[in-house]
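Step one of this worksheet: look at the structure below.
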2 protein chains.
Amino acid sequence: MPVSITTARRAREFAAREELIIREARKFLLERGFQGWNMEDLAQAVEYSKGTLYQHFDSKEDLALAVCTGSLQQRADLFERASNFKGGTRERIRAICCACCEFATAHPEYFHADMMLKSASFWDKASEERREDHRIQAGRCWRTIQQIIIEAQAVGDLPRDRFKPEEATFALVSVTVGSHIMAMEGDMRVMAGITDPLIAVRRNGDLMCDGLGWKPLSFEADYAETDRRIVREVFPGATWLKSA
Amino acid sequence: MPVSITTARRAREFAAREELIIREARKFLLERGFQGWNMEDLAQAVEYSKGTLYQHFDSKEDLALAVCTGSLQQRADLFERASNFKGGTRERIRAICCACCEFATAHPEYFHADMMLKSASFWDKASEERREDHRIQAGRCWRTIQQIIIEAQAVGDLPRDRFKPEEATFALVSVTVGSHIMAMEGDMRVMAGITDPLIAVRRNGDLMCDGLGWKPLSFEADYAETDRRIVREVFPGATWLKSA
DNA sequence: TTGGAATTTGACCATTGGTCAAAAATGGCT
DNA sequence: AGCCATTTTTGACCAATGGTCAAATTCCAA
């Protein structure tokens, strides 16, 4: 069978529709949680039938994973953009933290949804292809941080003898994700006296960098100007930069 | 109606059955995830009918919350026990980290389940009474850490001018929970080169304490003996203490 | 032993994730 | 334009499951 002239257009339309479905599902996931909506609702929202949805996704879980991976891809994009910030290694890791804030603003649904995915019986129900996609994007985020750390150790901003690069990366990733999740919760915000979650996330990142011995330490330098520069040069129009 | 002589026994039996249901549900939650089992399965496992389960819990979500709160209560118990460890403030916060390890060993299902609970449409489906229980136990965990931090600032082990106690508490809680969640995931362990998740969790806790400026810093002192003492005096029989 | 109260049960209902045969749309060909 | 093979879309339908409640069963004081 010859490749029709319409094949390319069809593929484009198919991809566009998939994007539409994912976008709408992301809204649902944020506003109502995984269990708060059903495929029929979603079909109605995107103005296609349920059967059509299942041409794109193996299951509701598969769709949820696609939503997460889409968000994660943007996270990786933001990370990579941030890592190109012109400055010292500590300033660049700070830019990564800012990327996190930018990301959290655009994708507030991500952290909860991604946590859910990892639980037993959820991950299994998604297709292997989408699982692989997710791994790839997660890997991009990881590597971006890891590279800055390796560079920091090379130039002497970060101790070389206390930990391996991947240990430092793991520490930073853990504190960042943990902070986002915790800061998102109402009770926690009350107990911690948090008025702005994103400031709390950045502060925790700072503290961890200090703990790693990443120079110049946050309380020995004034990073206020760096922050303004990051916003200006990397994330113009950002709304999350407020004085602590 | 007079209070029968059997009332007390009935109440005891009712409570015992509730414990049984929660225990069994915890197993299911760990092995199969929230969606991997149904109320009929569970009814069969505890040898009661589905209707009886619903005398104890408003919904499946309500039950899941009860499971989490039960685990969280044990977490708080372990924290309080750890905080009584005889030693400096930094050693005591180290004991709390050890309590986390002890907890994670006994309740590997907790972190994922609790994350899920916090998502929209989940929390709402549980009864207000159980939500309040959960808040109480979470508060106990929080306060235990907070008190050690306040004491550390009072005796001068921890800086007083860089942060408020609740900010430090939030940082420690975030890194601990974040580390547990991250270390639990297979891909992450591969990337981070983690062989023992609990060692990674403790190391991250150490790094955060260092970042807070909590003396004596982890790389300036040898805590190996402290760790052994913690295990001996607070968590005899613990299996998670291995040399890094 | 008995009668009424408390408890337990599982048939039943409504919702929803997922399937698939039929209907509709598409597009190349004459 | 008209035709028909192929592709795409649809929604009736199915099975699974969370949740209900009237009937059955158990309990216990008199």
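Below, chain A is the first sequence line, B the second, and so on; all start at residue 1. All values reported here derive from a predicted model rather than from experimental measurement.
Atom-to-atom, CG of A/L42 to P of C/dT16 comes out at 13 Å; the value is rounded to the nearest Å. One interatomic measurement links the two molecules: NE2 of B/H56 to C1' of C/dT9, which rounds to 14 Å at whole-angstrom precision. Atom CG of A/D58 and atom P of C/dT19 are 8 Å apart (whole Å). Atom NZ in A/K125 sits roughly 13 Å away from atom P in D/dA16 (whole-Å rounding). Per the geometry, CG belonging to B/L53 stands 17 Å off P belonging to D/dC21, to the nearest Å. One interatomic measurement links the two molecules: CG of A/D62 to P of C/dG17, which rounds to 14 Å at whole-angstrom precision. Rounded to whole angstrom, the span from the CD atom of A/E18 across to the P atom of D/dT9 amounts to 13 Å. In this structure, B/Q35 atom CD and C/dT16 atom P are separated by 13 Å, rounded to whole Å.
Comparing C/dG18, D/dG18, C/dT8 by their closest approach to the side chain of B/R17 singles out C/dT8. You'll find that the side chain of B/K60 is closest to D/dG18, out of C/dT19, D/dT10, D/dG18. When the nucleotides C/dT8, D/dC27, D/dG11 are ranked by their closest atom to the side chain of B/Q55, C/dT8 comes out on top. Closest to the A/Y54 side chain, of the nucleotides D/dC27, D/dT9, C/dG17, is C/dG17. Nearest nucleotide to the A/R10 side chain, out of D/dG19, D/dG11, D/dT8: D/dT8. Across D/dT9, D/dT17, C/dT7, the shortest atom-to-atom separation from the side chain of B/N38 is found for D/dT17.
Proximity of the aromatic rings of A/F34 and A/F28 is defined here by a centroid distance below 6.0 angstrom, and this criterion is not met.
OP1 or OP2 of D/dT9 has not a single side-chain nitrogen or oxygen of A/S49 nearer than 4.0 Å.
Between B/K125 and B/D58 there is no salt bridge, since no side-chain N of the basic residue sits under 4.0 Å from a carboxylate O of the acidic one. A salt bridge links A/R135 with A/E132: the distance from a Lys NZ or Arg NE/NH1/NH2 to an Asp or Glu carboxylate oxygen falls below 4.0 Å.
Note on ring orientation: taking the six-membered ring where Trp is involved, the planes of A/H180 and A/F111 are parallel (angle under 30°, cut-offs 30° and 60°).
There is a side-chain donor-acceptor pair under 3.5 Å between B/R26 and B/S71.
Comparing B/K50 and A/M39 along DNA chain C, the residue whose closest nucleotide (by nearest heavy atom) sits nearer the 5' end is B/K50.
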